[in-house]
Amino acid sequence: MMLALNDANLSVSLSSTPLNKFGYVLEFYEQGHIPRFPIDFDAMAEHLYQISIVAHQHSIAIQRVMLDQHLLERLLSSGRHGAEL
């Protein structure tokens, strides 16, 4: 559910399996990372922006994005589309 940067600084999806409760057990530090995987805030902002465009074309909208307040602030201040979110 969360995009992160791997060791090669490439954006990757984190594992989502029954072993980690489909990603819900992953907790990011306030700085926006778990060991070895910082959140890719630019990719997340772009992803949500693109979803909002398609949603608007179908007369629907994103109603809620659930993130810790510190992480939400970083998301909204990142990338080309953070401010538009």
Side-chain angles (χ1 to χ4, degrees):
M1 291 177 274
M2 187 64 68
L3 297 172
L5 296 170
N6 66 12
D7 292 335
N9 211 34
L10 298 173
S11 192
V12 296
S13 295
L14 294 176
S15 176
S16 171
T17 69
L19 296 175
N20 68 5
K21 297 184 181 179
F22 298 101
Y24 286 100
V25 76
L26 300 174
E27 290 195 34
F28 291 86
Y29 297 117
E30 190 173 305
Q31 299 84 5
H33 67 89
I34 56 176
R36 294 186 45 233
F37 292 101
I39 294 173
D40 187 346
F41 288 103
D42 290 341
M44 288 297 301
E46 180 69 31
H47 182 75
L48 290 169
Y49 177 75
Q50 294 299 326
I51 290 172
S52 71
I53 289 173
V54 174
H56 181 72
Q57 292 170 350
H58 294 276
S59 301
I60 58 177
I62 298 171
Q63 291 186 345
R64 185 170 293 133
V65 175
M66 297 176 67
L67 275 177
D68 178 270
Q69 184 64 34
H70 295 98
L71 301 179
L72 180 61
E73 290 168 5
R74 293 214 31 213
L75 174 69
L76 297 178
S77 66
S78 69
R80 295 184 335 205
H81 301 297
E84 296 170 75
L85 296 175

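It should be emphasised that the depicted structure is a prediction, and the values quoted were computed from it without experimental measurement. Counting begins at 1 with the first residue of the sequence.
- The backbone N or O of Phe41 sits less than 3.5 Å from a side-chain atom of Ser78, completing a donor-acceptor pair.
- Residue Ile53 is grouped with residue Val65 when hydrophobic side chains (ILVMFWY) are merged at heavy-atom distances under 4.5 angstrom, including chains of intermediate members.
- One finds the CZ atom of Arg74 at 10.0 Å from the CG atom of Asp42 (value rounded to the nearest 0.5 Å).
- Rounding to the nearest 0.5 Å gives a distance of 11.0 Å between OG of Ser13 and CG of Asn6.
- Between Phe37 and Leu5, every side-chain heavy-atom pair lies at or beyond the 4.5 Å cut-off.
- Nearest heavy atom pair, residue Ser11 against residue Ala43, reads OG-CB, 3.6 Å.
- Counting only heavy atoms from C-beta outward, the side chains of Leu75 and Leu48 approach each other to under 4.5 Å.
- In this view, Gln63 satisfies the side chain to side chain donor-acceptor pair (under 3.5 Å) rule with no residue, not counting sequence neighbours.
- A pairwise comparison of heavy atoms in Met44 and Leu3 identifies SD-N, 3.3 Å as the closest pair.
- Rounding to the nearest 0.5 angstrom, the gap separating the CG atom in Leu85 from the CD atom in Glu46 is 9.5 Å.
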